Amino acid sequence: MSQPLILASGSEIRQVLLRNAGLAFEVEKPRVDEETVRHAMQAEGAPPRDVADMLAELKAQKVSAKFPAALVIGCDQVLAIDGEIFAKPETRDEARAQLEKLRGAQHRLISAAVICEGGRPVWRKIGVVKMTMRDFSDAYLDAYLDRNWDSIQHSVGAYKLEEEGVRLFERIDGDYFTVLGLPLLELLWFLGNRGVIET
Ligand SMILES: Nc1nc2c(ncn2[C@@H]2O[C@H](COP(=O)(O)OP(=O)(O)OP(=O)(O)O)[C@@H](O)[C@H]2O)c(=O)[nH]1
């Protein structure tokens, strides 16, 4: 019997990525006040990657404390542009305003993943992808939101690369899975090395 694996994330796409890779795991949603942690770290001038890393570790640690024998994966993704961090837009208007800021510019999508065992980190990876958005028209932006708001409201950038969101982009420099929210290839490498999955 291999070591139990738990994904400490409510993110549907993270669950899909692990399931499609053939992994057996449980899901435990972490209770972490992300907004408070994010704002406190930003107030101290913490760089976006440190914010994502800290939140991913807190989520993994919280669940690992309850299940110390398991390997617990915590994740967090932040969108950064010009030193500013964007969180998931709460409303369609916020999503529109956010996409207007990202239009015709390059932003970074930073995905952190941390694995905890016995409440302590045993692995971590921070993936960064440079995302260059087209200078799309207002008409397209409104039509895009009409068609996609229901689907994209849980995505930090108000887009899903595997859906129509791909049409917002001119260029993507980095790993596809990291955009979706998980540095999957590095995670699989670690789990294989630990003997949790066959290699
Ligand atoms: N399907 C999809 N989801 C995306 C994409 N880009 C970002 N996301 C999602 O945006 C969300 C970023 O917010 P997070 O705070 O990291 O995660 P969450 O969804 O709140 O879930 P927790 O891990 O429980 O915090 C994640 O669920 C990512 O998977 C994308 O291109 N496609």
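Predicted model only: the values in this text are computed from it and were never measured. Below, all heavy atoms of this structure are taken into account, side chains as well, without hydrogens, waters or symmetry copies. Indexing begins at 1, ligand by ligand and atom by atom, following the structure's order.
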Aromatic Tyr140 / basic Arg134 pairing, under 6.0 angstrom, 45° off normal: yes

Which residues pass the side chain to side chain donor-acceptor pair (under 3.5 Å) test with Arg38, not counting sequence neighbours? none

Heavy-atom closest contact (Asn148 atom, Glu164 atom, distance): ND2-OE1, 2.9 Å

Side chain to side chain donor-acceptor pair (under 3.5 Å) involving Arg19 - partner list, sequence neighbours excluded: none

Of all the non-hydrogen atoms in the protein, which one sits nearest to atom 32 (N) of ligand 1, and at what distance? Glu162 OE1, 2.9 Å

Centroid-centroid under 6.0 Å between Phe136 and Tyr144 rings: no

At under 4.0 Å between heavy atoms, what of Leu161 touches ligand 1? The answer is both

Just to confirm my output: which protein heavy-atom neighbour is closest to atom 7 (C) of ligand 1, and how far is it? Gln77 OE1, 2.8 Å

Ionic contact status for Lys59 with Glu34, cut-off 4.0 Å: yes

In the protein, which heavy atom is nearest to atom 23 (O) of ligand 1, and how far is it? Ser9 OG, 2.7 Å

Pick one of side chain, backbone, both or neither for how Lys88 approaches ligand 1, counting any non-hydrogen atom pair under 4.0 Å. side chain

Quick one: look up the protein heavy atom nearest atom 11 (C) of ligand 1 and list residue, atom name and how far away it is. His154 O, 3.4 Å

Any heavy atom of Glu163 under 4.0 Å from ligand 1? The part involved is neither

Could you identify the single nearest non-hydrogen protein atom to atom 5 (C) of ligand 1 and state the distance to 0.1 Å? Val179 O, 3.6 Å

